[in-house]
Amino acid sequence: MDGCHLSRDKLQGDGEGCDLKTSDYLKKYGVRLKKHLGQVFLSDDRIAKRIVKAAELTPEDVVVEIGAGAGTLTEELAKTGARVIAYEIDESLAPILQERLSKYPNVELRFEDFLKAKNVPEGAICVSNIPYNITGPLMEKIIEWKFKRAIVMIQKEVGERILAKPGKKTYGYLSVVVQTFYEVKKLFDVSRSCFVPNPEVDSTVVDLKRKPVDLDFEKFKKFVSMIFAKKRKTLKNNLRPFLSIFEGVDLSRRAEQLTVEEIVELYEKWRRALECSRG
Ligand SMILES: C[S@@+](CC[C@H](N)C(=O)[O-])C[C@H]1O[C@@H](n2cnc3c(N)ncnc32)[C@H](O)[C@@H]1O
């Protein structure tokens with residue numbers, strides 16, 4: 001079959017058959033890909049189209065893309081008419097992005113590290129194929145910037161952790177932190193053969209919808225790290241310095257057995273007690 005095979009649940013590519021636009025641009029500008037920046041680029045714009053379709057963008061929306069790469073996804077976002085702010089840390093990609101995107105006045109390119117970005121519009125929609133080597137810190141940034149929705153392509157195994165329910169082996173810190181702030185849904189898997197170069201892993205596209213939750217994120221992260229510090233130990237063990245706060249609470253379970261709501265309830269108890277003790 002020519003090109004990437006499209007199926008309902010999984011998009012597969014056959015490498016050579018995929019649209020070579022991305023490779024052509026890289027060749028034209030002599031750009032060498034940087035593994036340490038997680039540079040695996042979509043080589044099939046049908047996947048970019050499918051991601052953008054799922055986002056249901058309108059010209060009134062503000063979209064933030066983390067890691068524009070060679071602009072395959074950015075160009076599809078631009079076509080929706082939404083205001084697109086695309087971050088890219090690697091300035092050597094500027095000639096490609098400028099050639100591909102200069103015809104779209106609704107696109108703003110920001111050549112900076114998204115992890116250090118200061119003026120990200122709060123409450124925007126994030127649509128990104130994110131660099132896999134920094135998925136954890138980027139997910140935390142997505143929460144901090146209060147994106148109202150985030151449609152992100154991530155490594156399949158990380159997707160499983162984000163989507164995991166209590167009692168599953170993959171349920172842990174990342175599942176709890178993300179699911180506290182977002183309703184999470186899997187959209188579809190993408191085969192490794194749809195990227196240049198082919199990564200060693202498959203990908204998943206997940207859809208995150210912001211919940212009306214207002215928590216002190218820094219404190220919450222600290223609490224969740226603490227209860228998952230020794231994953232196989234009970235809450236009693238992990239919360240040892242604070243046992244007096246939890247008198248009368250059953251701490252015989254492990255954090256991985258608790259729902260997100262139960263964890264938020266314990267966190268609120270802990271936070272209130274610490275605030276009271278400080279007067
Ligand atoms: C997985 S590639 C995706 C590229 C493109 N969006 C696509 O789908 O083909 C991730 C991109 O993020 C960029 N990147 C890595 N770390 C970054 C950071 N801290 N801030 C902004 N961009 C970053 C990389 O240079 C790379 O271009």
Side-chain angles (χ1 to χ4, degrees), residues 4 11 13 15 18-26 29 31-55 63-79 84-101 104 107-120 125-142 144-145 147 150-159 187-206:
C4 288
L11 286 163
C18 283
D19 191 337
L20 287 181
K21 250 191 196 165
T22 306
S23 320
D24 292 341
Y25 279 117
L26 296 172
Y29 290 98
V31 171
R32 292 176 77 98
L33 295 181
K34 302 177 180 76
K35 204 173 170 187
H36 72 279
L37 291 178
Q39 290 185 345
V40 287
F41 294 165
L42 267 175
S43 57
D44 186 337
D45 56 8
R46 284 175 299 175
I47 293 161
K49 283 187 202 319
R50 192 167 172 192
I51 293 171
V52 173
K53 190 168 175 218
V63 180
V64 171
E65 185 190 8
I66 306 165
T72 308
L73 183 57
T74 326
E75 187 162 13
E76 292 308 318
L77 291 169
K79 288 179 191 165
V84 180
I85 302 171
Y87 286 85
E88 176 51 61
I89 199 170
D90 183 2
E91 288 200 38
S92 76
L93 295 164
I96 300 180
L97 290 168
Q98 276 147 9
E99 176 178 334
R100 229 168 161 177
L101 301 163
Y104 299 101
V107 176
E108 182 189 336
L109 296 170
R110 295 185 180 173
F111 290 99
E112 56 180 283
D113 180 348
F114 186 78
L115 292 175
K116 296 185 184 147
K118 292 269 182 291
N119 56 345
V120 181
I125 300 170
C126 175
V127 183
S128 308
N129 169 17
I130 61 179
Y132 296 171
N133 48 334
I134 49 169
T135 306
L138 283 177
M139 291 312 299
E140 292 186 358
K141 285 287 165 194
I142 285 172
E144 281 170 34
W145 288 112
F147 286 113
I151 294 177
V152 287
M153 178 143 65
I154 49 184
Q155 187 180 327
K156 195 171 171 195
E157 289 71 22
V158 180
L187 292 181
F188 52 89
D189 291 332
V190 180
S191 160
R192 64 193 74 184
S193 62
C194 289
F195 301 89
V196 281
N198 291 168
E200 278 151 27
V201 291
D202 290 320
S203 300
T204 295
V205 181
V206 293

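Indexing begins at 1, ligand by ligand and atom by atom, following the structure's order. Worth saying up front: this structure is predicted, and the values here are computed from it rather than measured.
In this structure, A70 falls outside the shell of residues with a heavy atom less than 4.0 angstrom from ligand 1. For E65, the heavy-atom gap to ligand 1 drops under 4.0 angstrom. The closest approach between a heavy atom of E112 and any atom of ligand 1 is below 4.0 Å.
Counting atoms of ligand 1 from 1 in the listed order, those under 4.0 Å from a heavy atom of D113 are 18 (C), 19 (N), 20 (N). Taking every heavy atom of I134 and a limit of under 4.0 angstrom, the matching atoms of ligand 1 come to 16 (N), 19 (N). Counting the atoms of ligand 1 from 1 in the order shown, those under 4.0 Å from a heavy atom of F114 are 18 (C), 19 (N), 20 (N), 21 (C). In the vicinity of G38, heavy-atom distances shorter than 4.0 Å reach the ligand 1 atoms 1 (C), 2 (S), 10 (C).
In terms of protein heavy atoms, atom 25 (O) of ligand 1 is closest to E88 OE2, 2.6 Å. Looking at atom 15 (C) of ligand 1, its nearest protein heavy atom turns out to be L37 O, 3.2 Å. Nearest protein heavy-atom contact of atom 8 (O) of ligand 1 is N129 ND2, 2.8 Å. The protein heavy-atom contact nearest to atom 5 (C) of ligand 1 is A68 O, 3.4 Å.
Of all the heavy atoms of T22, none lies under 4.0 Å from any atom of ligand 1, so neither backbone nor side chain is involved. Under 4.0 angstrom from ligand 1, there are no non-hydrogen atoms of A48.
Taking any N or O of I66, backbone or side chain, none lies under 3.5 Å from an N or O belonging to ligand 1. Between T72 and ligand 1, no N or O atom pair is found at a separation short of 3.5 Å. Checked by distance only, ligand 1 and V40 stay at 3.5 Å or farther apart across all their nitrogen or oxygen atoms.
Side-chain atoms of S128 and Y87 form no donor-acceptor pair, as typed in the model, at a separation below 3.5 Å.
When the options T22, D44, D45 are evaluated for a side-chain hydrogen bond (donor to acceptor under 3.5 Å, both in side chains) with T72, the one that passes is T22.
For K34, the NZ atom sits in a packed shell: over 12 heavy atoms of surrounding residues, nucleotides or ligands are nearer than 6.0 Å.
Scanning both residues, G159 and I154, for their nearest heavy atoms gives CA-CD1, 3.5 Å. The two residues F195 and S43 make their nearest non-hydrogen contact at N-OG, 3.7 Å.
Within the 4.5 Å cutoff, the side chain of F41 has heavy atoms near those of the L93 side chain.
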Check the pair F188 / M153 against side-chain contact (heavy atoms from CB on, under 4.5 Å), numbers first and verdict last. CA-CA 9 Å; F188 52 89; M153 178 143 65; 5.9 Å; no
